[in-house]
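Below is one structure, written out as C-alpha cells; comments come after it.
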Amino acid sequence: MSVFPFSRPLASCLAASMALALPLSAALAQPSAGRQPGPQAASATQQTLARQSCEGLRRAVAEDQKGAASGPLFLASYRVADPKQGTPLEPALAGAAFTYDNALAGIALLACGDAASARRIGDAVVRAMERDPNTADGRVRNAYRAGPMTEEKAALPGRWDAAKNQWIADAYQVSTATGNVAWAALLLLNLNEAEPSPAYLAGARRMLGWIEQRTRARNAPDGYNGGWYGWDNAQRAQTWKSTEHNIDIAVAAAWAAKSAGGEAEAERRQARTALEFVNRMWNASEQRFNIGTKEDGATIATDGSGLDAQLWPLLAAPEGSCPWMRGLDWVEKHHRFGEGYGFSRSPDGIWTEGTAQAAATLVARKGAAPEALWQLLASQRAGNGLYYATPSARISTGLAIGPDSTGADFFYYRWPHLGATAWIALAATGFNPFTGKTAATGATSPCPT
C-alpha cells in the first residue's frame, strides 16, 4: 500500500537512444564559480520543440471546441494518436478534462502567444467554480467533461453503460484535490498577469479561500491537507500533506497577495504557512525533499520520492531556496532513467512530463538545458501533435490514486497527454508557470555554485 496518496489526474484504470550530454546536477554546476556564460541562443531542437508543442496545444483546442470558436472550453487530457492502432483509452479517461492538465495547458498557451485560447480555459475554470452541480463554496473538481461548456451547470465526466443501465463515474474525478485547486488558481493568476482582470484575480482568491477553509491542517506540522475524496454525499478529508501541494499554495497565495495589494493579509499568511511546511519537508541529511506526510498528517513519509516534489520548489525559487539546489544531486542519483527522468525513486521508465519539468528547471535556474534532453522530449511527439506520457507501455509511480485503492495503482501509459505537452511547451519557451515570466536566455543562477 502506498504511504502517500497522490492527487494528480489519472483514472484508476489507467525510445529514444541518445544519452544526456550533461546530468542535471552537472548542468546546473556549469560553469564554475567566477566564470559567467555569455548569451546562449536556444538550440534548433529547442526552437522546433517550442513551435511543435504549441501547435499541438492549438490543435487540441481546435479539435475539442467542436465548432464553437469562442466561449469557455475544457480540453481532453488523453487521446489516442491513432484510433486504429495502439493501446485504446480506458473508458474512464475518454473525454475527461483534468483540471491540472487544463491549468497547465492554459498557462502554456499564454507562453505560446495564444492568449485567446488560454482565456477560454480560464473562463471554463471560473464558470466551473461558480456553477458546480452541487456546491458553491469555491472549489473546483479534479476533472470535468471535455469540450465547450454549453450547460447551465459544469458537466462532470462519466458515461452511460447500456449493459448495466446506469451512469458510470469515477470517484477521483469528481473529488477535489488541494493541489489541483492551487493550479487552477495559478492559471487565473497567470492570465491576470498577462492582462489584468478582476474576475480572474477574484476567482484565484476564492479558490485559495476554499483551500484555507477546507484543507488547513488541524495537527502539526502546520500546512495544508490533500483535499476531499469521494461522492458528494460521502466525501471524506484526505489528511495527508504534500510537499508538492504546499509549494503550489505558497506560490499562488503570495502571487494573489501581491496582485491584490493591501487587502490580502489572509493570502500573505497562507503563503507563509505553506512555505514553512515546504521548508520543514527539506531533508537536510539527504539533501532532498520528503514527499510529505503519511495519512495521519504528522508522520513524515521518508521512503518515497516524487520528481515534481523535488523540482517544483527549485522552479518556484522562493526567497531562501538556494540550499535546495543541492537536491539536484538526489534527482540525478534516484530519478534518472536512461536518457531522462522517472516519476518515482528508482523509476521503471521515463516520465515525459517530469523530464520536461527538469528541462524547465534548468532553463529557469541556469538559462539552458542540455541538447540531448530536448532531443529526448522531441522524440515523444505523437501523430496528433501531443506528446506521449512515457516512451514505455506503462510506468509506475509507487502511489495510490485514492483511499479506495488497494495498492499503488497510479500508472502512466503511452498515450498522448495534454499535461506532458504543456510542460514541454513551457520548458521549450522558457516560460515559468510559477512566476508568469520567461527566463532570460543565458541567465545565470542567483545561487552560489
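Remember, it's a predicted structure, so these values are computed and weren't measured experimentally.
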Test item: Asp123 side-chain N/O and Gly71 main-chain N/O as donor-acceptor pair under 3.5 Å
no
Return the orientation label for the Trp312 and Trp183 ring planes: parallel under 30°, perpendicular over 60°, tilted otherwise.
perpendicular
Spell out, as yes or no, whether a donor-acceptor pair under 3.5 Å connects the side chain of His335 to the backbone of Ser344.
yes
Determine yes or no for a side-chain-to-main-chain donor-acceptor pair under 3.5 angstrom, with Thr390 supplying the side chain and Ile350 the backbone.
yes
How about Pro391 and Thr352: do any of their side-chain heavy atoms sit closer than 4.5 Å?
yes
Give the intermediate values and the outcome of side chain to side chain donor-acceptor pair (under 3.5 Å) for residues Arg414 and Gln380.
CA-CA 10 Å; Arg414 186 170 168 76; Gln380 296 311 302; 3.2 Å; yes
When you compare the side chain of Thr239 with that of Lys241, does any pair of heavy atoms fall below 4.5 Å?
no
Are Phe343 and Tyr341, when compared by the centres of their aromatic rings, separated by less than 6.0 Å?
no
Going through the distances and angles, do Tyr78 and Glu90 end up as a side-chain contact (heavy atoms from CB on, under 4.5 Å)?
CA-CA 10 Å; Tyr78 294 91; Glu90 294 291 344; over 6 Å; no
Please tell me if the side chains of Leu311 and Leu307 come closer than 4.5 Å, counting only heavy atoms from C-beta onward.
yes
Test your reading of the model: is there a side-chain donor-acceptor pair from Arg345 to the backbone of Asp303, 3.5 Å cut-off?
yes
Taking the side chain as every heavy atom from C-beta outward, state whether Pro370 and Leu362 have any atom pair closer than 4.5 Å.
yes
Going by distance alone, is a donor N or O of one side chain under 3.5 Å from an acceptor N or O of the other, for Ser43 and Trp374?
no
To check you understand the geometry: which heavy-atom pair defines the closest contact between Gly147 and Lys66, and what is its length?
CA-NZ, 4.3 Å
Charged N to carboxylate O below 4.0 Å: is that the case for Glu193 and Lys437?
yes
Heavy-atom donor-acceptor pair, Thr243 side chain to Val278 backbone, under 3.5 Å
no
Is Glu55 salt-bridged to Arg51, cutoff N-O under 4.0 Å?
yes
Salt-bridge criterion met for Asp132 and Arg139 (N-O under 4.0 Å)
no
What one should report as the nearest heavy-atom pair of Phe277 and Pro221 is CE1-CG, 3.8 Å
Shortest non-hydrogen separation from Ala256 to Leu189 and the atoms involved:
CA-CD2, 3.9 Å
Minimum-distance pair of heavy atoms, taken over all atoms of Asn102 and Leu187
O-CD2, 4.4 Å
Before giving the answer on side-chain contact (heavy atoms from CB on, under 4.5 Å), spell out for Arg58 and Asp114 the whole-Å C-alpha distance, their side-chain angles and the decisive distance to 0.1 Å.
CA-CA 8 Å; Arg58 294 189 186 99; Asp114 190 352; 3.7 Å; yes
Can you check salt bridge (charged side-chain N to carboxylate O under 4.0 Å, His left out) on Asp296 and Lys294, steps first, answer last?
CA-CA 6 Å; Asp296 62 6; Lys294 297 185 180 183; over 6 Å; no
Counting distance only, does the side-chain N/O of Thr178 pair as donor-acceptor with the main-chain N or O of Gly227 below 3.5 Å?
yes
Less than 4.5 Å apart, side chain to side chain, heavy atoms only: is that true for His334 and Gln310?
no
When Asp101, Val61, Leu57 are each screened for side-chain contact (heavy atoms from CB on, under 4.5 Å) with Leu75, the one that passes is Val61
Quick one: do Gln375 and Ser379 satisfy side-chain contact (heavy atoms from CB on, under 4.5 Å)? Show the steps, please.
CA-CA 6 Å; Gln375 293 179 17; Ser379 73; over 6 Å; no
Any chance the rings of His245 and Trp240 have centres within less than 6.0 Å?
yes
Begin from the C-alpha positions of Leu377 and Tyr387 and carry the test side-chain contact (heavy atoms from CB on, under 4.5 Å) through to its verdict.
CA-CA 8 Å; Leu377 294 171; Tyr387 291 74; 5.8 Å; no
Nearest heavy-atom approach of Asn180 to Thr99 is O-CG2, 3.9 Å
Looking only at atom types and distance, does a side-chain atom of Gln270 sit under 3.5 Å from a main-chain N or O of Leu208, one as donor and one as acceptor?
yes
Taking Asn192 for the side chain and Tyr200 for the main chain, is one N or O donor matched with an acceptor at less than 3.5 Å?
no
May I ask you to decide if Asn142's main-chain N or O and Gln173's side chain share a donor-acceptor pair within less than 3.5 Å?
no
Do Phe434 and Pro318 come close enough that some side-chain heavy atom pair is under 4.5 Å?
no
Does a salt bridge link Arg120 with Asp64, judged by any charged N lying under 4.0 Å from a carboxylate O?
no
Using modelled atom types only, decide if a donor and an acceptor are shared between the side chain of Asn279 and the backbone of Leu275 within a distance under 3.5 Å.
yes
Side-chain contact, heavy-atom cut-off 4.5 Å: Trp210 with Thr215?
yes
Quick check: Trp330 with Phe289 (ring centres under 6.0 Å apart)?
no
Please report the shortest heavy-atom distance between Phe74 and Ala97, naming the atom on each side.
CB-CB, 3.7 Å
